Protein chains: 2
Amino acid sequence: MDQQQLFVKIGLTSWNTQIVRAEKVFNAFTDKQFYAEIAPGKNRIIYLYGHLAAYHDALKETLGLGKASRPELFEIFLKNADNKNVEYPSLTELKNFWQSIHAELNELFVNLPATEWFKRHNAMTDEDFENDPSRNRLSVLLSRANHIAYHIGQVNLVKPVLA
Amino acid sequence: MDQQQLFVKIGLTSWNTQIVRAEKVFNAFTDKQFYAEIAPGKNRIIYLYGHLAAYHDALKETLGLGKASRPELFEIFLKNADNKNVEYPSLTELKNFWQSIHAELNELFVNLPATEWFKRHNAMTDEDFENDPSRNRLSVLLSRANHIAYHIGQVNLVKPVLA
């Protein structure tokens, strides 16, 4: 394993650890609990679930690795806060979306050569990248891993009940 | 900048981003608000503040870079959950502790040669490390960055009021 491969492994471990943890936390809830708020007046669990899935759908484009599968979901899950007056996709649909997005990302990630992770992502210009080569695909991945952890901390405030 | 230095820069950026964010979030609270719960029946802000500071104090030892400054705080902030019947250090004392721990870590981190970040940390054996060299000091740092994000997500549920 060369140095780049080693660092990619460290970055992917950070990401995968958070994904596995998120799935464990979300999957412990009953369908009904997905509609509970994480705290009084705060986001519902289902919103954060859709928010993470949509953000990771968008991640394909940020990384320049593919097109978003469901960009129409960005409106409700990325551009807006939770809103009980908006009709959300069903939980079954969101669970399928989550599963398919993360399977697709996993496939893209394991097949991406290490050198590719050190190239710039689509949210910055060539000139910016030349000034700061640490702002590459891998740094985006680490930032997304932190973002998952941020929301797991919130979702974990709700204690799952046995179905 | 060689590859190792680049990786270290990416890792330190991930850590520093979370520390800066945490300080901004905590410092927006009045002294009184530090004693508010993040949600009904959940940890108080002051507990999470002490928890992060104590965990980062312990981080020096995990990384093999120094001794913990206040190991006596591990009992209340790491080994136990928040407990209103336990007397905590004053907020002033905790703020000084936070400041000194993070100044010390920053000093250690900026002076650590890049090659040192790729050595094993103290929580694993030489044999384990030989089997998986990705479990090094840098991977510990990334894991701690995720841990900060996890708790910021919770503390952010409390809206700061103007003093």
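Excluded from the calculations below are hydrogen atoms, water molecules and symmetry mates; all remaining heavy atoms, backbone and side chain alike, are included. The structure displayed is predicted, hence computed values, not measured ones.
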Considering only heavy-atom distances, could you tabulate the donor-acceptor pairs under 3.5 Å between chain A and chain B?
residue, atom, partner, partner atom, Å
A:K9, NZ, B:D132, OD1, 3.2
A:S14, OG, B:N146, ND2, 3.1
A:K42, NZ, B:L157, O, 2.9
A:D132, OD1, B:K9, NZ, 3.2
A:N146, N, B:N146, OD1, 3.2
A:N146, OD1, B:N146, N, 3.2
A:N146, ND2, B:S14, OG, 3.1
A:Y150, OH, B:N156, ND2, 2.7
A:G153, O, B:Q154, NE2, 2.6
A:Q154, NE2, B:G153, O, 2.6
A:N156, ND2, B:Y150, OH, 2.7
A:L157, O, B:K42, NZ, 2.8

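Residue A:L108 is grouped with residue A:I101 when hydrophobic side chains (ILVMFWY) are merged at heavy-atom distances under 4.5 angstrom, including chains of intermediate members. B:L63 and B:M124 fall into different hydrophobic clusters, where Ile, Leu, Val, Met, Phe, Trp and Tyr side chains are chained together by heavy-atom contacts under 4.5 Å. If you chain together hydrophobic residues whose side chains sit under 4.5 Å apart, B:F97 and B:V86 fall into the same group. Cluster annotation: A:L65 and A:F74 are assigned to distinct hydrophobic clusters (Ile/Leu/Val/Met/Phe/Trp/Tyr, side-chain heavy-atom contacts under 4.5 Å, transitive).
By the 30° and 60° cut-offs, the orientation of the rings of B:F7 relative to A:F7 is parallel.
Across B:L157 and A:A39, no two heavy atoms sit closer than the pair CD1-CB, 4.5 Å.
Counting only residues at least two apart or on different chains, no ring-ring contact (aromatic ring centres under 6.0 Å, His included) pair has a member in residues 123-145 of chain B.
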